[in-house]
Q: 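Questions regarding the structure given below will be posed in turn.
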Number of protein chains: 2
Amino acid sequence: MNDKTEAPGSWDYCNNSALKRASRQLGQLYEEIMAPSGLRATQYALLTQIKLGGATPLKTLAEAMVMDLSALGHTLKPLLRDGMVELVPDEKDRRVKRVRLTESGEAKWADAQLLWRDAQGRFDRAFGKEAADALRQTMNLISSGDFAEAFTHAKGDVTK
Amino acid sequence: MNDKTEAPGSWDYCNNSALKRASRQLGQLYEEIMAPSGLRATQYALLTQIKLGGATPLKTLAEAMVMDLSALGHTLKPLLRDGMVELVPDEKDRRVKRVRLTESGEAKWADAQLLWRDAQGRFDRAFGKEAADALRQTMNLISSGDFAEAFTHAKGDVTK
DNA sequence: TGATTTTACTGGCATATGCCACTATATTTG
DNA sequence: CAAATATAGTGGCATATGCCAGTAAAATCA
C-alpha cells in the first residue's frame, strides 16, 4: 500500500517551494509540447521578448526577464551559436550591446509559436481561461519591483 | 525617458513564462534572506522534505519534488559532499537507496529554518496570508498529477 | 528456471541561473 | 580636464534541472 494519500510536503508550507515545484511541473508540460521546435521553453520566451522589444540592450532585457545580466548572457549563448539572435553594438553608448532576432530566429519563432499556442490552449482548458488570466496577473505582481520592495521592507519572522 | 511604463512582455500572455519569471524573482528574495545559513533555497526545501519523510527512497523523493530522478541525484551531490545527508541502501530491495539527514544536516536545517521563517513572514505580509495560502493551493494543483493529466489530454491550439 | 522486461540509480552532456572578479566606457567630481 | 565612481558586459565557477545511455537488481513470462 503505497501512500497514495500524499504525505504533507514543504510545498504545503513554503511559498517558494510551492512556486518552484509548480514551475518545474509546468515547465515540463510546456517543454514537452514545444520540443519538436527544437527550442526550450525559456529560449522561446527569450525570443518572444526580443521580438516584442526589437533590438534591446542586454541590461534592459535582463531586467524585463527578472534575470541576472550574466545569466542572460549565458542563456543567449546557444541562441547566438545557432544563429537565432545576434548582438549589435549601440551607437550612442559603446558599452551597450543590443540583441535582435536574425531571419532564422524570426522563422524559428514563427514555427515554435504554433506549438506554444497548443500548450497555452491546453493550459487554458485544464486550468480555466479566467483563472489563467488571474494567475498571470498574480505572477506578474510577484515579479514586480514593488513587490520585491514590499517583501524586503516587511518585517520577517513574527513567530510566537 | 526610459519606458517606465512597462512595455508588454511574454509573461503577459504565456502562463509558463509568467510562472518562471515569478519563480526567479521569489527565489531571489528567499535566497537573499536564507544566504547566511549557507543553504540555497532549493537545498533547504530538499532537507525539509527529507526531514518530513524520514529515510526516503530517491525515486519517491524525486516524485514528491516533481523533479527528475537524475536531477535529484545531481542536486543531492553538494549536500552529500557537505555531510548534510547520507544514502542508505534499502534492505528489502537492493536497487533502492534512501536519503536521510545526518546530525549535521538536522542542525543546519534547524538554523536555516529560522531564516526561512523570516522570509516566509515577509512574504505573508507583503502578499497577504490568505492570498499566500490560496497561492500555495493553486501551485499544488498545478504540480499535481491530475493537472498534468488534464493538460496532456486537453486539446491544444483552438485558434479556430 | 532461464530469458525478457521493468525498475532504481549513476554518469555524461547541455541548458538555466546566480555570484564575483575584471574590462571597457560613461558619468560625475574636484 | 584628470581622478573617482558608476554602468554594461564577459568569463569563470557553482548549483539546478533535464535527457539519454548504461548497470544492476527485481519481477514477469515462456
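Predicted, not measured: the structure shown is a model, and the values here were computed from it.
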Q: Just the rounded figure in Å: distance from P of C:dA14 to CG of A:Leu79.
A: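 These atoms are roughly 16 Å apart.
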
Q: Please work out which residues in residues 140-153 of chain B have a non-hydrogen atom less than 4.0 Å from an atom of DNA chain D and list them by number.
A: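 Per residue number, the list is empty: none.
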
Q: OP1 or OP2 of C:dA24 sitting under 4.0 Å from any side-chain N/O of A:Arg94?
A: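 Negative; the distance criterion is not met.
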
Q: Is there a donor-acceptor pair under 3.5 Å between the side chain of B:Asn140 and the backbone N or O of B:Arg136?
A: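 Flag set: sc B:Asn140 to bb B:Arg136 pair under 3.5 Å.
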
Q: Do B:Asn16 and A:Tyr44 pass the side-chain hydrogen bond (donor to acceptor under 3.5 Å, both in side chains) test, and can you show the C-alpha distance, the side-chain angles, and the key distance before you say yes or no?
A: CA-CA 11 Å; B:Asn16 187 40; A:Tyr44 174 72; over 6 Å; no

Q: Assuming nearest nucleotide by heavy-atom distance, tell me which of A:Leu72 and A:Lys92 is located more 5' along DNA chain C.
A: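 The 5'-side residue here is A:Leu72.
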
Q: Mind calculating the distance between CD (B:Glu31) and P (C:dC19) to the nearest angstrom?
A: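 Going from CD in B:Glu31 over to P in C:dC19 covers 8 Å.
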
Q: Nearest whole Å is fine: how far is C:dC9 P from B:Leu87 CG?
A: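 It works out to 9 Å between those atoms.
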
Q: Any idea which heavy atoms bring B:Arg98 and B:Pro57 closest together, and the distance?
A: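 So the minimum-distance heavy-atom pair works out to NH1-CD, 3.6 Å.
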
Q: Starting from P on D:dA26, measure out to NZ on B:Lys59 and report it in whole angstrom.
A: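 It is 16 Å, rounded to the nearest whole Å.
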
Q: Whole-Å distance between D:dG18 C1' and B:Met67 CE?
A: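 It works out to 11 Å between those atoms.
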
Q: Between B:Arg24 and C:dT17, is there a side-chain N or O to OP1/OP2 distance below 4.0 Å?
A: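 For B:Arg24, the contact criterion (side-chain N or O under 4.0 Å from OP1 or OP2 of C:dT17) is met.
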
Q: Checking all strands, does B:Arg81 fall into the base, sugar-phosphate, or nothing category for heavy-atom contacts under 4.0 angstrom?
A: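 Since only primed, P, OP1 and OP2 atoms lie under 4.0 Å of B:Arg81, the category is sugar-phosphate.
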
Q: For the backbone of A:Thr152 and the side chain of B:Arg122, can you confirm whether one donor and one acceptor N or O come within less than 3.5 Å of each other?
A: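 Between the backbone of A:Thr152 and the side chain of B:Arg122 there is a qualifying donor-acceptor contact (under 3.5 Å).
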
Q: Which listed nucleotide (C:dT10, C:dC19, C:dA26) is nearest to the side chain of B:Leu58?
A: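 Closest nucleotide to the B:Leu58 side chain: C:dT10.
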
Q: Let me confirm one number: the CH2-CG distance from B:Trp11 to B:Leu19, rounded to the nearest 0.5 Å.
A: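 The CG atom of B:Leu19 is 14.5 Å from CH2 of B:Trp11, to the nearest 0.5 Å.
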
Q: Considering heavy-atom distances to DNA chain D, does B:Pro78 or A:Lys97 have its closest nucleotide positioned more toward the 5' end?
A: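 Whichever sits nearer the 5' end wins; that is A:Lys97.
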
Q: Which is more 5' along DNA chain D, the nucleotide nearest B:Asp82 or the one nearest B:Ser70? Just name the residue.
A: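 Result: B:Asp82.
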
Q: Find the distance between CZ (B:Arg40) and CE (B:Met34) and round it off to the nearest 0.5 Å.
A: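 CE of B:Met34 is found 10.5 Å from CZ of B:Arg40.
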
Q: So which nucleotide from D:dG9, C:dA8, D:dT15 ends up closest to the side chain of B:Val96?
A: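 Shortest atom-to-atom distance from the side chain points to C:dA8.
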
Q: So does B:Thr42 get a side-chain nitrogen or oxygen closer than 4.0 Å to the phosphate oxygens (OP1/OP2) of D:dT17?
A: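 Yes, because at least one side-chain N or O of B:Thr42 sits under 4.0 Å from OP1 or OP2 of D:dT17.
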
Q: Can you tell which of C:dG18, C:dC9, D:dG18 lies closest to the side chain of A:Ala71?
A: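 Nearest to the side-chain atoms of A:Ala71, counting from C-beta on, is C:dG18.
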
Q: Given atom CG of B:Leu69 and atom P of D:dA16, what is their separation to the nearest angstrom?
A: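 After rounding, the reported distance stands at 16 Å.
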
Q: Quick check for you: among C:dT17, C:dG11, D:dG11, whose closest atom lies nearest to any side-chain atom of A:Lys77?
A: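 Selected nucleotide (nearest to the side chain): D:dG11.
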
Q: Strictly below 4.0 Å: does A:Arg21 bring a side-chain N or O up to OP1 or OP2 of D:dT17?
A: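 No, A:Arg21 has no side-chain N/O under 4.0 Å of OP1/OP2 on D:dT17.
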
Q: In whole Å, what is the span from the CG atom of A:Asp68 to the C1' atom of D:dC13?
A: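 Spelled out: CG on A:Asp68 to C1' on D:dC13 is 14 Å.
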
Q: Would you kindly give the CE-to-P distance between A:Met34 and C:dA16, to the nearest whole Å?
A: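 To the nearest whole Å, that distance equals 12 Å.
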
Q: Whether A:Lys92 and A:Asp90 form a salt bridge (side-chain N of Lys/Arg under 4.0 Å from carboxylate O of Asp/Glu) is what I want to check.
A: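 Result for this pair is no, no salt bridge flagged.
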
Q: Anything under 30° is parallel, anything over 60° is perpendicular, the rest tilted; go ahead and classify B:Phe151 against A:Phe123.
A: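 B:Phe151 and A:Phe123: perpendicular rings.
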
Q: Check if the side chain of B:His74 and the base of D:dG18 share a donor-acceptor pair of N or O atoms closer than 3.5 Å.
A: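 Donor-acceptor pair under 3.5 Å: yes.
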
Q: A:Arg40 has a side chain; which of C:dT17, C:dT25, C:dT15 sits nearest to it?
A: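 Of all the options, the side chain of A:Arg40 is nearest to C:dT15.
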
